[in-house]
Amino acid sequence: CVIHNNYVVSDGLKIELEITKKCYKAGKLSRYNLNCDDRIIYPYDKDGKPYSETHLKNNFPMAYNYLMNIKSDLLSRDNGKFKKLVNENKINWYEYGRKQGLSLQDNKILISPIISSKYFLEISDGLFISGYCIIPNTNKDKTKIVNALKSSDFMQWIKIYGNPKSGGYYSINKKAIENFRF
């Protein structure tokens with residue numbers, strides 16, 4: 001995507017920048033060194049509460065029109081379970097299906113489940129859509145965690161508890177990361 005003035009432009013689509021957030025995907029960590037900026041429509045206020053449909057329509061008409069164009073796709077998520085929740089007025093049709101990551105503060109470390117040349121990223125703003133996340137309590141903790149992730153001890157741990165893949169890569173699960181002593 002490209003940011004022009006107050007808009008995000010991607011594949012001919014133009015969306016108001018203010019309703020987007022940076023997002024990171026564990027499988028693309030090496031791209032983010034190149035200042036690549038992936039963005040996602042974020043139909044929530046600063047407190048994580050969903051905007052009303054009227055607010056979306058009046059304040060973000062381009063994003064609203066885009067969401068309206070894919071409304072049927074959004075409603076068909078999770079084999080119809082999402083549509084049922086919408087029909088029961090429990091959620092809005094444009095909300096995210098999963099919300100566990102929305103409450104995370106901006107200071108976090110994203111770890112890829114596939115260990116390759118770049119397998120973690122410090123995130124100071126934005127959301128992540130895949131991978132594992134560590135939230136440090138303080139900057140001192142963050143430095144300690146980053147140093148541990150860079151260490152030969154961590155790589156040895158991965159070789160012991162990860163699953164070898166072709167090309168010298170390893171896949172790891174959440175438990176392997178949790179059991180490592182940072």
Side-chain angles (χ1 to χ4, degrees), residues 1-44 46 48 63 66 70 73 77-78 95-182:
C1 75
V2 177
I3 297 174
H4 286 294
N5 298 324
N6 293 320
Y7 299 97
V8 175
V9 180
S10 179
D11 298 328
L13 180 67
K14 189 174 177 183
I15 301 287
E16 298 86 355
L17 178 63
E18 187 181 340
I19 195 170
T20 69
K21 276 196 174 214
K22 288 181 182 182
C23 70
Y24 302 89
K25 186 174 182 180
K28 294 182 173 182
L29 291 183
S30 60
R31 282 187 46 202
Y32 299 126
N33 277 346
L34 306 173
N35 293 325
C36 180
D37 192 4
D38 289 335
R39 300 194 76 83
I40 190 167
I41 294 174
Y42 185 76
Y44 301 90
K46 63 180 171 46
Y66 171 74
I70 62 166
D73 294 332
R77 291 178 279 176
D78 205 13
E95 287 185 55
Y96 294 168
R98 298 183 68 182
K99 300 176 187 158
Q100 68 270 28
L102 298 183
S103 63
L104 298 177
Q105 299 303 311
D106 286 336
N107 192 17
K108 51 193 164 271
I109 301 167
L110 175 62
I111 302 175
S112 175
I114 303 295
I115 304 300
S116 62
S117 59
K118 179 145 178 88
Y119 53 90
F120 74 93
L121 179 69
E122 298 174 64
I123 299 173
S124 60
D125 63 340
L127 304 170
F128 68 96
I129 56 175
S130 67
Y132 306 121
C133 181
I134 297 175
I135 303 171
N137 293 323
T138 65
N139 278 339
K140 185 178 179 181
D141 286 346
K142 182 178 178 182
T143 301
K144 180 181 171 187
I145 293 166
V146 167
N147 287 338
L149 288 170
K150 291 178 181 178
S151 74
S152 59
D153 288 346
F154 184 73
M155 292 312 295
Q156 189 62 34
W157 182 266
I158 295 305
K159 289 178 181 176
I160 294 169
Y161 295 101
N163 294 318
K165 302 292 179 192
S166 63
Y169 298 112
Y170 285 84
S171 66
I172 56 169
N173 60 32
K174 182 179 171 184
K175 199 69 161 166
I177 294 170
E178 288 174 343
N179 289 335
F180 182 75
R181 295 193 178 171
F182 287 97

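Position 1 is the first residue of the sequence; numbering continues from there. Quick caveat: nothing in here was measured; it's all calculated off a predicted structure.
Closest heavy-atom contact between Ile145 and Pro136: CD1-CB, 4.1 Å. When all heavy atoms are compared, the tightest approach of Leu121 to Tyr24 is CD2-CD2, 3.6 Å. Nearest approach of Ser171 to Ile114, heavy atoms of both residues: CB-CD1, 3.7 Å. Ala176 and Asn173 get closest at one heavy-atom pair: N-OD1, 2.8 Å. Here the closest heavy-atom approach between residue Phe182 and residue Ala148 is recorded as CD2-CB, 3.6 Å. Contact between Leu17 and Asn5 at its shortest, heavy atoms only, is CD2-O, 4.3 Å.
Atom-to-atom distance recorded for Leu127:CG and Thr20:OG1 is 10.5 Å, nearest 0.5 angstrom. A distance of 11.5 Å separates CD1 of Ile19 from CD1 of Ile40, quoted to the nearest 0.5 Å. Atom CG of Asn163 is separated from atom NZ of Lys165 by 5.5 Å, given to the nearest 0.5 angstrom. Taking CZ of Arg39 as the reference point, atom OG of Ser10 lies at 11.5 Å (rounded to 0.5 Å).
With Asp38 as the fixed residue, the salt bridge (Lys or Arg N to Asp or Glu O under 4.0 Å) test singles out one of Lys28, Lys25, Lys22: Lys28. The side chain to side chain donor-acceptor pair (under 3.5 Å) with Lys142 is formed by just one residue from the set Asn147, Asn137, Asn107; it is Asn107.
The backbone N or O of Gly162 sits nowhere less than 3.5 Å from a side-chain atom of Trp157 that would complete a donor-acceptor pair. Under a 3.5 Å cut-off, the side chain of Asp11 and the backbone N or O of Leu13 do not form any donor-acceptor pair. Within the 3.5 Å criterion, the main-chain N or O of Asn6 finds no donor-acceptor partner in the side chain of Glu18. At distances below 3.5 Å, at least one donor-acceptor pair connects side-chain atoms of Lys108 with backbone N or O atoms of Gly126.
A centroid separation of 6.0 Å or more is found between the aromatic rings of Tyr161 and Tyr170.
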side-chain contact (heavy atoms from CB on, under 4.5 Å) assessment of Phe154 paired with Tyr119 | CA-CA 12 Å; Phe154 184 73; Tyr119 53 90; 3.7 Å; yes

CA sep, side-chain torsions, deciding dist, call: Leu110, Glu122, side-chain contact (heavy atoms from CB on, under 4.5 Å) = CA-CA 6 Å; Leu110 175 62; Glu122 298 174 64; over 6 Å; no

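A 6.0 Å sphere centred on CZ of Phe180 holds more than 12 heavy atoms belonging to other residues, nucleotides or ligands. With a 6.0 Å radius and a threshold of 12 heavy atoms from other residues, nucleotides or ligands, Asn139 has its CG atom at or below the threshold.
A 4.5 Å side-chain heavy-atom check between Ile134 and Ile177 finds at least one atom pair inside the cut-off. The shortest distance between side-chain heavy atoms of Ile111 and Phe128 does not fall below 4.5 Å. Side-chain contact between Ile15 and Tyr66 is present, with at least one heavy-atom pair separated by less than 4.5 Å.
In this structure, Lys174 forms no cation-pi arrangement with Tyr132, as its terminal cationic atom is not both closer than 6.0 Å to the ring centre and no more than 45° off the ring axis.
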